[in-house]
Amino acid sequence: MSNMNYDIAVNLKQLVSSNQAFHYRIVPIRQEGDTIVFKTDAEEKEPLVKELTIVLNKKIVLELDTKENIDSYLTYNYRKTAANQEKLNYEANFLQKLITTAKDFGSSDIHMEPYDNFCRVRFRLDGKLKEQYTVSKKEYPQLVNQIKIQSGLDISQKRLAQDGRITFKLKNEEFDIRVSTMPTLYGEKIVLRLLNRDTQDVTLTDLGFTDQELQLYKEAVKKPQGIILISGPTGSGKTTTLYATLKELNKETSNILTIEDPIEYTLEGINQVQLREDIEFDFPAALRAFLRQDPDIIMVGEIRDDKTANMAIKAALTGHLVLSTIHTNSAWATISRLIDMNVPPFLIASTLTMSIAQRLVRKLCPQCKSEAPALPDDFPLNFEIPEDLKTHYKAKGCNQCYHTGYLGRKAIYELVPITNALETAIRHNELEIDAYIATHNIKTLKANAIRLVKQGITSAEEVYPLLARD
């Protein structure tokens, strides 16, 4: 497998159009004054040089490369359109083909975005968007209506955002697709979220915990009461961690209730409730109802406001295990966020069992990752490169990873168990974070990120934001 980097600088890409690149099978590599150097797999170079000289009004130099490499350059750098790739049957099976392709790629979302002259389609692969197709402005409304009809949305309503759902059958597999439409300047943007039912098979051991972290987490969730909070930005895998936890706790002897917005996956044996804010059935209202349902374990999709935070604390105080998520940057910030939500420190100290921060990082493609010396330029300013990190791996890109350089993702965690010492510090608002980390061997997100870089699992570029944290 080739270890070549197929990425081309933006200023070079703009030297030729997508149609020209595919038509002539040329890729601009560098520009030297008035001369443009292209790679090509054309056997007869002289006629091509003459034609390109006329078309581009520049001096042309061609370098011969393999068909495989030219295909990779074109696929990675230029837009796939009906004109230069294939005729797409929009009326009959384009949507089917689009979803099937996204599923084959392992994509989590499909974004369809209208602009002035075209509409682009991007797939989210391992958390990053990558453009795959363009749809003509003329054909795009047909695609929008097709999606709306299948998801039960109002095709006549184009000025308001709408949400729907499609059950999609692919061979012997059936999965759900969450549909979201939103009006923009040039038409309706659509996002399809592919809810992969295979995710339901994920267990706690599959997520990315180290052995020590997994043991600590399992001990925390086995406690009969208290609250466990998982923090992180949108798309960091918090919901997957919660579902894996619920499956671990799902026993005949336990009554488990969840309130979610939305319910992404159904779990047999667990009572799942959909949030309905339009009828004032929000998180606090659901929690009040839950407490009258004799629950053992409660999962709250997200703690968003003061009322939800205080109701969750109340549920934990009255002998229930509460699992939830919260938007903070670290496990430590969760404590101050709860205080900001008017939860008294003594209640936090009494109920919080564990605070967790989580991130998802892309794993380097094992086929094309490239070893390089660990130089200061590859790391954030003032980051002290560990002495045992002499080399690390960088992303390159190949056919195996769709030229992204990455294949799959892995979660990293920051676990803070609430010990007696920490409980006392929270109660008296005397928490010294740096000292506590040092004396209790807490592995921070930054420490776990550099561990994966050392192991060659991910790149310094991928975890750069975490390494730059104070």
Side-chain angles (χ1 to χ4, degrees), residues 1-88 101 105 111 113 115-123 125-126 128-137 362 364-365 367-370 372 377-378 394-407 459 461-462:
M1 188 68 66
S2 173
N3 283 346
M4 293 182 63
N5 184 356
Y6 296 103
D7 194 19
I8 299 172
V10 174
N11 62 316
L12 290 174
K13 292 180 189 178
Q14 294 173 345
L15 294 175
V16 293
S17 69
S18 178
N19 285 336
Q20 288 172 330
F22 277 97
H23 176 72
Y24 293 112
R25 293 190 60 77
I26 54 173
V27 183
I29 297 302
R30 61 184 180 276
Q31 186 172 13
E32 302 167 350
D34 291 335
T35 301
I36 307 175
V37 181
F38 291 96
K39 281 188 178 291
T40 183
D41 59 358
E43 294 181 0
E44 297 184 7
K45 293 197 294 185
E46 290 304 320
L48 185 55
V49 168
K50 291 179 181 178
E51 186 169 350
L52 290 175
T53 301
I54 296 171
V55 171
L56 301 177
N57 194 27
K58 298 281 186 181
K59 294 179 182 178
I60 304 298
V61 174
L62 297 181
E63 295 181 355
L64 194 62
D65 207 332
T66 65
K67 180 181 183 301
E68 180 187 8
N69 281 342
I70 297 301
D71 285 338
S72 297
Y73 273 117
L74 292 173
T75 302
Y76 189 82
N77 292 283
Y78 289 99
R79 183 176 296 128
K80 296 180 177 180
T81 67
N84 59 38
Q85 284 290 292
E86 55 187 322
K87 185 65 178 176
L88 303 175
T101 304
F105 279 22
H111 289 241
E113 305 158 324
Y115 296 97
D116 190 16
N117 299 315
F118 69 97
C119 304
R120 71 174 176 178
V121 179
R122 295 190 289 173
F123 291 172
L125 303 173
D126 293 330
K128 302 293 183 181
L129 287 170
K130 181 172 175 58
E131 189 170 306
Q132 292 300 130
Y133 298 103
T134 59
V135 178
S136 73
K137 199 67 181 289
R362 293 182 295 170
L364 286 163
C365 174
Q367 299 294 327
C368 64
K369 65 181 182 181
S370 175
D377 288 346
D378 295 325
K394 293 186 175 184
K396 284 294 183 181
C398 64
N399 291 332
Q400 182 77 17
C401 59
Y402 306 107
H403 305 287
T404 63
Y406 298 91
L407 200 59
S459 66
E461 181 183 16
E462 175 67 9

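One is the number of the first residue; the rest follow in order along the sequence.
- Here the side chains of Thr101 and Gln132 are not in contact, with every heavy-atom distance at 4.5 Å or above.
- For the salt bridge (charged side-chain N to carboxylate O under 4.0 Å, His left out) test, residues two or more places apart in sequence or in another chain that qualify with Glu63 are Arg30, Lys39.
- The heavy-atom pair separating Asp126 from Tyr406 by the smallest distance is OD2-O, 3.8 Å.
- For the pair Val16 and Pro28, the tightest heavy-atom approach, listed with the atom from each and the gap, is CG2-CD, 4.1 Å.
- The shortest non-hydrogen separation linking Leu12 to Gln31 is CD2-N, 3.9 Å.
- Within 6.0 Å of atom CG in Asn57, 12 or fewer heavy atoms from other residues, nucleotides or ligands are found, so the atom counts as exposed in its surroundings.
- Residue-environment remark: CD (Glu461) stays at or below the threshold of 12 foreign heavy atoms within 6.0 Å.
- The shortest side-chain heavy-atom distance between Tyr24 and Thr40 does not fall under the 4.5 Å cut-off.
- Within 6.0 Å of the CD atom in Glu32, the count of heavy atoms belonging to other residues, nucleotides or ligands exceeds 12.
- Taking each heavy atom of Leu62 and Leu48 in turn, the nearest pair found is CD1-CD2, 3.7 Å.
- Summarising the geometry, atom CG belonging to Leu56 is positioned 12.5 Å from atom CG belonging to Asp34; distances are rounded to the nearest 0.5 Å.
- In this structure, the separation between CG on Leu15 and CD1 on Ile29 is 11.0 Å, given to the nearest 0.5 Å.
- Taking the side chain as every heavy atom from C-beta outward, Leu407 and Gln400 approach each other to under 4.5 Å.
- For the pair Ile26 and Gln20, the tightest heavy-atom approach, listed with the atom from each and the gap, is CG1-O, 4.1 Å.
- Atom-to-atom distance recorded for Phe105:CZ and Thr404:OG1 is 10.5 Å, nearest 0.5 angstrom.
- When all heavy atoms of Asp65 and Tyr73 are compared, the pair lying nearest together is OD2-CE1, 4.1 Å.
- A distance of 12.0 Å separates NZ in Lys396 from OG in Ser459, rounded to the nearest 0.5 Å.
- Residues Asp378 and Lys394 have side chains in contact (heavy-atom distance under 4.5 Å, counting atoms from C-beta outward).
- Remark: Asp71 pairs with Arg25, Lys67 by the salt bridge (charged side-chain N to carboxylate O under 4.0 Å, His left out) rule, at least two apart or across chains.
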Query - Worked verdict on Leu129 versus His111 for side chain to side chain contact (heavy atoms under 4.5 Å, CB included) - result: CA-CA 9 Å; Leu129 287 170; His111 289 241; 3.5 Å; yes

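- For the atom pair OG1 of Thr53 and NZ of Lys59, the computed distance is 10.5 Å after rounding to the nearest 0.5 Å.
- Between the side chain of Lys137 and the backbone N or O of Tyr115 there is at least one donor-acceptor pair closer than 3.5 Å.
- Rounding to the nearest 0.5 Å gives a distance of 5.5 Å between CD of Glu131 and CZ of Arg120.
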